Amino acid sequence: MTFVPGEVVAPGDPRILLEGQWGHQPGLAVTVNSGSRLSFGFSGTGLQVLFDTDGLEVAPHLWVTVDDGEPTLHLIEQPVLELSVDDGRHTVELVVKDVNEFVNRWEPPFACAVSFAGLILDDRTTLRLGAQPGGPRFEFYGDSITQGVRALSADPESAGADGTKAYAYLTARAFGATSYQVGFGRQGVIKPGNGGVPAGPESFGWNFAGSRALRIAAPDLVVLNLGVNDDSLSADQYADYVRVVRAAYPGSTIVAVSPFSGKYAEEIAAGVKSLDDPAVHSVPTTGWITEADCTDGLHPSVVGHAKIAERLVPVLREITGLRLR
């Protein structure tokens, strides 16, 4: 069937729900983080999803789900993704599977990023206003493990990565939470990440360079999982990192999750203790997974991430008193 264009919908239209770390440029909503989502509902027969692909060196990976169907993989190599369905009421969810960590994704113009440019409805389709999320608000800050790198396989590129399999995504879904999943490969508390990303304290509060991360409300919970990439890390350095987060969110519960390899667990616990803040908690994770639960000895597999989430969810429930979905 020939596509006959109708209404053009801007990326900031309130009928489109953006979840996760999205920044805004003229005519665009941009994310450099795996696990970010956009969703909408419509009545009709189809539409086009628009992307800005200018300058991309590596195609970002998306999962696209229509109604209750299985997610299908889409690589953003072209500026138009066309969705055609039978006439009726439908829902669409697009989740960022991976934004490649090895090319520039911090300083615009990006070599890899999801730059959503809006929708074009066909002439028989109307966009519906959907319900806003009602669950708690979570934020996760971590490295390649939080990003979901090598979750599917030991392939270091996007083919081996999946942010929707990462412990952060699984944990947020268990609570029905609105989630900001911010993971940058190679990043540490002290060490910068791949793709031009600064170290944890310097990148915190930013979507990417020049774009502040604005929130309509402070998170109920902030989970920190940095440290494994640092060549050295003291308790004082970790405490300084947590102070940056606390300054931004004076009323939020903060949970410092030690690296799953056991690295710096003592320093992280000591740094948290030195803050003497009853709403900052240290969670040791040594023994939660083994090398057999990883694809390369360090990065958790799909099974490894599931095991982490199974251990983390009850811990967070006890700390926060929040109910599961």
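These figures come from a predicted structure and were not determined experimentally.
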Which pairs count as ring pair (Phe, Tyr, Trp, His ring centres under 6.0 Å) when at least one residue sits in residues 26-69, sequence neighbours excluded?
-> F42-H90
Going only through I, L, V, M, F, W and Y residues with side-chain contacts under 4.5 Å, is there a path from V189 to I268?
-> yes
Correct closest heavy-atom pair for R105 and C112 would be CB-O, 3.3 Å
Nearest-0.5 Å distance that lies between atom CZ in R246 and atom OH in Y241 | 13.0 Å
Examine the side chains of D162 and T164 and answer whether a donor and an acceptor come within less than 3.5 Å of each other.
-> yes
Are the aromatic ring centres of Y169 and F140 under 6.0 angstrom apart?
-> no
Presence of salt bridge, E19 and R173, under 4.0 angstrom | yes
Counting only N and O atoms by type, is there a donor-acceptor contact under 3.5 Å from the side chain of S252 to the main-chain atoms of P219?
-> yes
Taking the side chain from N104 and the backbone from W106, do they hold a donor-acceptor pair closer than 3.5 Å?
-> yes
To the nearest 0.5 Å, how far apart are NZ in K165 and NE2 in H305?
-> 11.0 Å
Donor on one side chain, acceptor on other, H281 and T253, under 3.5 Å | no
Give the minimum heavy-atom separation between L226 and Q187, together with the two atoms involved.
-> CD2-O, 3.6 Å
Any chance the side chains of D122 and T45 put a donor and an acceptor closer than 3.5 Å?
-> yes
Distance-only polar pair, side chains of D52 and S115, donor-acceptor under 3.5 Å = no
Are the side chain of Y264 and the backbone of S232 linked by a donor-acceptor contact shorter than 3.5 Å?
-> yes
Could you tell me whether the side chain of D220 and the main chain of R137 form a donor-acceptor pair under 3.5 Å?
-> yes
Closest contact, heavy atoms only, L316 versus T320 = O-OG1, 2.7 Å
For the pair T171 (side chain) and A168 (backbone), establish whether a donor and an acceptor sit closer than 3.5 Å, ignoring hydrogens and angles.
-> no
With distance as the sole test, does Q237 use its side chain to make a donor-acceptor pair with the main-chain N or O of S234 at under 3.5 Å?
-> yes
Distance from L275 atom CG to R243 atom CZ, nearest 0.5 Å?
-> 5.0 Å
Say whether, by atom type as modelled, one donor and one acceptor occur between the side chain of T285 and the main chain of S258 under 3.5 angstrom.
-> yes
When you look at L18 and R37, which way does the side chain to side chain contact (heavy atoms under 4.5 Å, CB included) test go after all the steps?
-> CA-CA 6 Å; L18 298 175; R37 305 193 295 175; over 6 Å; no
Take W22 and L38 through the side chain to side chain contact (heavy atoms under 4.5 Å, CB included) test and state the conclusion after the steps.
-> CA-CA 10 Å; W22 292 86; L38 69 89; 3.8 Å; yes
Passes side chain to side chain contact (heavy atoms under 4.5 Å, CB included), L50 versus L119? Steps please.
-> CA-CA 6 Å; L50 307 180; L119 307 172; over 6 Å; no
Taking 4.0 angstrom as the limit, do E7 and R15 come out as a salt bridge?
-> yes
Smallest separation among heavy atoms of F116 and V49, with atom names | CE1-CG1, 3.8 Å
NZ/K97 to OG/S158 distance, rounded to the nearest 0.5 angstrom?
-> 6.5 Å
Do we see a donor-acceptor contact under 3.5 Å between the side chains of Q181 and N33?
-> no
Cluster link L94 to V85, ILVMFWY, side chain under 4.5 Å = yes
Pair D87 + R124, salt bridge at N-O below 4.0 Å = no
Hey, are the side chains of H74 and I76 touching, using non-hydrogen atoms and a 4.5 Å cut-off?
-> yes
Might you work through the side chain to side chain donor-acceptor pair (under 3.5 Å) test for S43 and T126, ending with a clear yes or no?
-> CA-CA 5 Å; S43 298; T126 57; 4.6 Å; no
List the steps, then state whether side chain to side chain contact (heavy atoms under 4.5 Å, CB included) holds for V66 with T91.
-> CA-CA 6 Å; V66 179; T91 58; over 6 Å; no
Going only through I, L, V, M, F, W and Y residues with side-chain contacts under 4.5 Å, is there a path from F208 to F184?
-> yes
Donor + acceptor pair across side chains of Y180, S36 (<3.5 Å) | no
Does the side chain of T295 pick up a donor-acceptor pair with the side chain of S153 at under 3.5 Å?
-> no
Okay, side chain of N100, backbone of V58: is any donor-acceptor separation there less than 3.5 Å?
-> no
Before accepting this row, confirm whether a basic side-chain N of the pair E101/R186 lies closer than 4.0 Å to the acidic partner's carboxylate O.
-> no
Same cluster or not: are V197 and V245 linked, directly or through other Ile, Leu, Val, Met, Phe, Trp or Tyr residues, by side-chain heavy atoms under 4.5 angstrom apart?
-> yes
Backbone N or O of Q147 within a donor-acceptor pair of the S144 side chain at under 3.5 Å?
-> no
Between F204 and Y141, is the ring centre distance below 6.0 Å?
-> yes
Atom pair NE2 (H299) and CD1 (I145), whose distance is rounded to the nearest 0.5 Å = 5.5 Å
Heavy-atom closest pair (I308 atom, W288 atom, distance to 0.1 Å) is O-CZ3, 3.8 Å
Cationic N near anionic O, under 4.0 Å, D230 to K191 | no
Do any N or O atoms from the side chain of D13 and from the backbone of A10 form a donor-acceptor pair under 3.5 angstrom?
-> no
On a heavy-atom basis, the closest approach of S282 and A269 is OG-CA, 3.5 Å
Could you state the interatomic distance from NE2 (H24) to OG1 (T31), rounded to the nearest 0.5 Å?
-> 10.0 Å
Decide if the gap between the ring center of F138 and the ring center of F175 is smaller than 6.0 angstrom.
-> yes
Cluster link Y238 to V280, ILVMFWY, side chain under 4.5 Å | yes
